[in-house]
Number of protein chains: 4
Amino acid sequence: MPSQKTSPPARAPQRKRGHERVASLLSAAADTFVEKGYDAATMTEIAARAGASIGSLYQFFPTKEAVAQALMGGHAEALYARIGQLTARAPQWGNDELAGQLIRLFLDFRRQQPSFVVLTEVPASVPKGEALTIRMRIRDELIGLLGGRYPGLPTAQVRAGATVVQYMMKAAVALHAETASTARTAAQTQLRRTLWLYLDDLANT
Amino acid sequence: MPSQKTSPPARAPQRKRGHERVASLLSAAADTFVEKGYDAATMTEIAARAGASIGSLYQFFPTKEAVAQALMGGHAEALYARIGQLTARAPQWGNDELAGQLIRLFLDFRRQQPSFVVLTEVPASVPKGEALTIRMRIRDELIGLLGGRYPGLPTAQVRAGATVVQYMMKAAVALHAETASTARTAAQTQLRRTLWLYLDDLANT
Amino acid sequence: MPSQKTSPPARAPQRKRGHERVASLLSAAADTFVEKGYDAATMTEIAARAGASIGSLYQFFPTKEAVAQALMGGHAEALYARIGQLTARAPQWGNDELAGQLIRLFLDFRRQQPSFVVLTEVPASVPKGEALTIRMRIRDELIGLLGGRYPGLPTAQVRAGATVVQYMMKAAVALHAETASTARTAAQTQLRRTLWLYLDDLANT
Amino acid sequence: MPSQKTSPPARAPQRKRGHERVASLLSAAADTFVEKGYDAATMTEIAARAGASIGSLYQFFPTKEAVAQALMGGHAEALYARIGQLTARAPQWGNDELAGQLIRLFLDFRRQQPSFVVLTEVPASVPKGEALTIRMRIRDELIGLLGGRYPGLPTAQVRAGATVVQYMMKAAVALHAETASTARTAAQTQLRRTLWLYLDDLANT
DNA sequence: TATGAATGAGGTTTCATTCAT
DNA sequence: TATGAATGAAACCTCATTCAT
């Protein structure tokens with residue numbers, strides 16, 4: 001043995017580099033999807049933006065769809081968790097406060113993970129099944145939230161309520177994507193109020 | 001605004017045969033866009049579905065974008081007109097009725113022209129500018145509607161109200177696209193009620 | 001017979017209209033070829049420029065090549081004739097004058113019929129055979145010219161001389177196509193002088 | 001001058017295999033351009049001749065124009081260099097010798113790189129801007145040559161002389177492309193003599 | 001493992017030419 | 001005869017994916 005070079009922690013650095021690479025690839029993918037949309041985004045551009053080669057990208061994600069799914073999956077988990085946090089605190093809030101917190105949560109999420117919306121909305125594309133699954137899971141989270149907040153409400157009502165809330169979140173997010181203007185701000189305020197009115201109505205059923 | 005490069009418009013047919021062709025091409029295009037989405041729809045498939053050759057398609061629509069625009073344009077006019085009809089009758093209705101009529105109008109329209117929604121929602125695609133224009137025009141129609149229905153309301157309120165209504169229509173249309181179920185039906189009912197609550201609130205401002 | 005409308009001269013006006021149409025089609029074709037080159041010029045554009053339909057164009061010219069040939073043929077005849085006129089007058093001129101007249105003739109022709117050059121130069125395209133024929137015929141005209149002007153010259157010399165003159169004409173025409181500048185003007189003058197020098201040399205052989 | 005939209009350049013290969021590919025692609029392209037001309041040459045045929053797939057061709061040359069430019073650019077450098085070599089030796093030569101060397105140089109070059117002529121002459125085509133640049137650079141080289149050979153000559157004269165020489169080279173090359181014959185050979189000899197006469201004249205100005 | 005090259009089906013678009021009214 | 005519609009081969013180019021080094 002010519003030299004006693006400290007045996008390097010076998011694969012750990014590899015793994016660590018792997019993690020970094022995956023992270024930068026996903027980040028690049030997110031940017032690209034947001035800018036171009038799912039279809040127009042190319043694997044080549046994603047790799048290039050991450051400073052990686054196309055071969056490297058395919059070493060971690062076998063298909064373009066896999067990239068999208070990894071992105072969606074990762075973000076979805078975070079979203080579920082945040083709704084769960086709201087669920088824990090919701091019982092202490094008034095309907096007014098709850099409406100505000102819900103909208104804030106979804107807008108914050110969209111701001112931080114704009115690719116999530118892009119991929120979730122893709123019309124007739126590959127990750128459609130995944131998107132559906134996620135939507136259902138979000139629905140379940142909202143059902144948990146409303147069920148906890150309005151304990152006496154019949155299950156069917158809770159389910160319908162969660163659905164309405166979900167689509168109003170969608171509306172809020174879409175509205176937020178409009179070019180900013182005083183009109184938009186006013187509309188956002190009123191949309192929050194509409195949600196409040198709805199929750200009040202739900203509570204008195 | 002330097003106006004994005006606007007795609008050349010459709011060439012107008014000048015013979016009876018041409019008119020028929022254009023009609024069948026547009027119909028085939030609508031079907032294809034709905035089934036596959038804008039990006040995944042191919043000109044080849046559109047032509048084939050219309051029983052026309054690819055050259056024939058290009059005789060009337062110089063680009064894929066032109067096909068989409070022709071579809072959107074044609075349908076948009078119809079939608080404006082229908083909102084106009086509501087505007088005329090709205091003053092006689094209660095908020096309850098108005099909410100129902102609005103939702104019915106948009107759902108009917110979606111049922112008859114599903115491609116309109118697909119093309120209008122395309123996230124990061126070519127006909128985006130056109131879609132924006134149309135959305136603004138719909139907004140204006142709704143402003144007209146609410147302005148007529150609630151004469152005392154300040155302009156800013158009317159504008160914000162129209163925006164809210166528009167995004168709730170979007171929500172209603174999206175909800176309608178969900179797999180049918182009793183839960184969906186219940187949610188639809190409640191969404192209508194939410195709109196009613198909002199209109200009541202608006203009227204009492 | 002309800003009215004005695006003067007029986008129109010059966011087909012004469014037709015024919016006349018036909019001539020006009022052919023003329024305008026050829027003119028449009030010339031413009032298009034000059035602007036776009038032979039390959040990039042389209043039959044549709046030629047027809048449109050002439051204010052005719054594509055069907056009408058094909059009624060007179062069965063192929064694109066036929067259009068080019070008609071154009072070349074018509075112009076070539078004029079060119080032969082003009083060289084013939086020079087031939088008649090050349091014996092009275094000095095070499096200086098002859099050089100000037102030759103260059104002037106070709107430059108004038110290029111100015112009036114720029115499409116002739118474009119079509120004649122087309123590299124590996126359809127009308128190649130025709131172009132060759134024309135070139136040979138021009139050669140013959142030049143042979144006639146030089147043979148008449150330098151009666152004692154052996155045939156082989158005359159033939160070689162005509163060839164040299166022809167390629168110098170080509171050079172002159174190409175030079176003329178350069179962006180105008182004082183440098184170009186000076187070069188043109190010297191090219192004429194070079195031709196003169198050559199003719200002098202030829203005469204003294 | 002707003003500089004016509006300049007086509008994206010060729011992507012440089014980074015592996016040995018890539019270099020070989022590029023070389024064979026360029027060679028195939030040269031053959032194809034010579035045989036068919038720029039417009040009629042197709043990317044498909046170029047790839048096929050090189051034994052490559054169409055995708056492989058586009059990996060290195062994003063457009064057909066890029067192929068042409070790569071060819072022209074590469075050859076042009078060689079031509080400049082060769083003229084430079086003449087420049088170094090020209091002062092020792094008589095005008096007779098210089099004329100012969102110039103013509104030999106251009107004919108040799110045409111024989112070795114026939115695609116250069118084809119692409120440079122393309123009448124109204126895409127690589128026009130590039131061709132112009134090259135022509136001007138050749139002019140400059142000739143200016144250097146004549147300036148060195150005829151030291152006392154005023155700049156304007158040198159410039160005009162270089163232009164004349166350049167167009168006579170064009171004529172010589174074109175003449176050489178004619179079907180071989182005794183007439184052609186004789187004409188070539190006389191063209192060389194004409195150039196000699198011109199250089200003599202230039203020297204005595 | 002990392003990289004760049006290779007592949008080729010498939011997409012959009014063009015255009016000479018033919019048809020039918 | 002004049003016109004516009006119809007046709008489809010073929011061109012250019014893209015891009016997800018696979019290979020080879």
Side-chain angles (χ1 to χ4, degrees), chain A residues 11 14 17-18 21 39-48 52-67 126, chain B residues 11-22 39-47 51-67, chain C residues 11 14 17-18 21 39-48 52-67 126, chain D residues 11-22 39-47 51-67:
Chain A
R11 312 220 36 172
Q14 310 282 80
R17 261 208 282 161
R21 182 128 279 193
D39 285 288
T42 75
M43 293 296 268
T44 302
E45 177 170 2
I46 290 171
S53 67
I54 181 71
S56 193
L57 173 53
Y58 271 91
Q59 214 126 44
F60 293 103
F61 303 98
T63 64
K64 184 177 173 182
E65 191 186 343
V67 177
V126 189
Chain B
R11 225 184 320 292
Q14 313 195 359
R15 288 244 224 280
K16 198 180 116 210
R17 190 142 176 226
H19 276 109
E20 292 164 6
R21 256 284 133 94
V22 164
D39 285 293
T42 75
M43 293 295 267
T44 304
E45 177 171 359
I46 291 172
S53 69
I54 183 68
S56 209
L57 172 53
Y58 274 92
Q59 186 105 40
F60 296 105
F61 303 99
T63 63
K64 186 175 168 182
E65 193 187 341
V67 179
Chain C
R11 311 218 37 172
Q14 309 282 80
R17 263 209 281 162
R21 182 129 275 193
D39 285 286
T42 75
M43 293 296 268
T44 301
E45 177 171 1
I46 291 172
S53 67
I54 181 70
S56 193
L57 173 52
Y58 271 90
Q59 214 127 45
F60 293 102
F61 303 98
T63 64
K64 185 177 173 182
E65 191 186 344
V67 178
V126 190
Chain D
R11 225 183 322 291
Q14 313 194 3
R15 289 248 224 279
K16 198 179 116 211
R17 188 139 178 231
H19 276 109
E20 291 164 6
R21 255 285 133 93
V22 164
D39 286 292
T42 75
M43 294 296 267
T44 303
E45 177 171 0
I46 291 172
S53 69
I54 183 69
S56 210
L57 172 53
Y58 275 95
Q59 187 104 38
F60 296 105
F61 303 98
T63 64
K64 186 175 168 183
E65 192 186 344
V67 179

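Quick note on labels: first sequence line is chain A, next is B, and so on, each numbered from 1.
Looking at the side chain of D:R15, the nearest of the listed nucleotides E:dG4, E:dT14, F:dT14 is E:dG4. When distances are taken from the side chain of C:R21 to each of F:dA2, E:dT18, F:dC15, the shortest belongs to F:dA2.
E:dT21 and F:dA2 make up a base pair, with Watson-Crick or G-U wobble contacts both under 3.5 Å. In this structure F:dC13 sits in a base pair with E:dG10, meeting the Watson-Crick or G-U test at under 3.5 Å.
Using a 4.0 Å heavy-atom distance criterion, B:T42 is classed as a sugar-phosphate-only contact. Using a 4.0 Å heavy-atom cutoff across all strands shown, A:T63 reaches sugar-phosphate atoms only and no base atom. Note on D:Q14: only backbone sugar-phosphate atoms sit closer than 4.0 angstrom, heavy atoms only; bases stay farther off. Contacts of D:A41 with the nucleic acid, taken as non-hydrogen atoms under 4.0 Å apart, involve only primed sugar atoms and P, OP1 or OP2.
Rounding to whole angstrom units, CZ of residue B:F60 and P of F:dT7 are separated by 11 Å. One can place CD1 of A:I54 at 17 Å from P of E:dT1, the figure rounded to the nearest angstrom. F:dT1 atom P lies 16 Å from atom CG of C:L57, rounded to whole Å. Remark: P of F:dT7 and CE of B:M43 are 15 Å apart, rounded to the nearest angstrom. Between the NZ atom of C:K64 and the P atom of E:dT18 there is a distance of 15 Å, given to the nearest Å. Atom-to-atom, OH of B:Y58 to P of F:dA11 comes out at 17 Å; the value is rounded to the nearest Å. Taking atom CD1 on D:I46 and atom P on F:dC13, their separation rounds to 11 Å, with Å as the unit. In this structure, the CZ atom of B:R11 is 13 Å from the P atom of E:dT13, given to the nearest Å.
Nearest-nucleotide positions on DNA chain E place A:S53 closer to the 5' end than the other of A:S53 and D:S53. The nearest heavy atom of DNA chain F to C:S56 and to B:A52 marks one nucleotide each, and the one closer to the 5' end goes with C:S56. For the pair D:Q59 and B:G51, both in contact range of DNA chain F, the more 5′-proximal nearest nucleotide belongs to B:G51.
Contact annotation: the side chain of B:R21 never approaches that of B:P13 to less than 4.5 Å [non-hydrogen atoms, C-beta and beyond].
Of the inter-residue distances, the one linking D:Y58 atom OH with D:M43 atom CE reads 4.0 Å to the nearest 0.5 angstrom. A:L57 contributes atom CG, which lies 11.0 Å from atom NZ of A:K64 (distance to the nearest 0.5 angstrom).
Distance alone, capped at 3.5 Å, is enough to place a donor-acceptor pair between the B:R11 side chain and the B:Q59 backbone.
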Quiz prompt | Test log, rule side chain to side chain contact (heavy atoms under 4.5 Å, CB included), inputs C:F60 and C:V67 | solution = CA-CA 9 Å; C:F60 293 102; C:V67 178; over 6 Å; no

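Taking only distance into account, the side chain of B:R17 never meets the base of E:dT21 through a donor-acceptor pair shorter than 3.5 Å.
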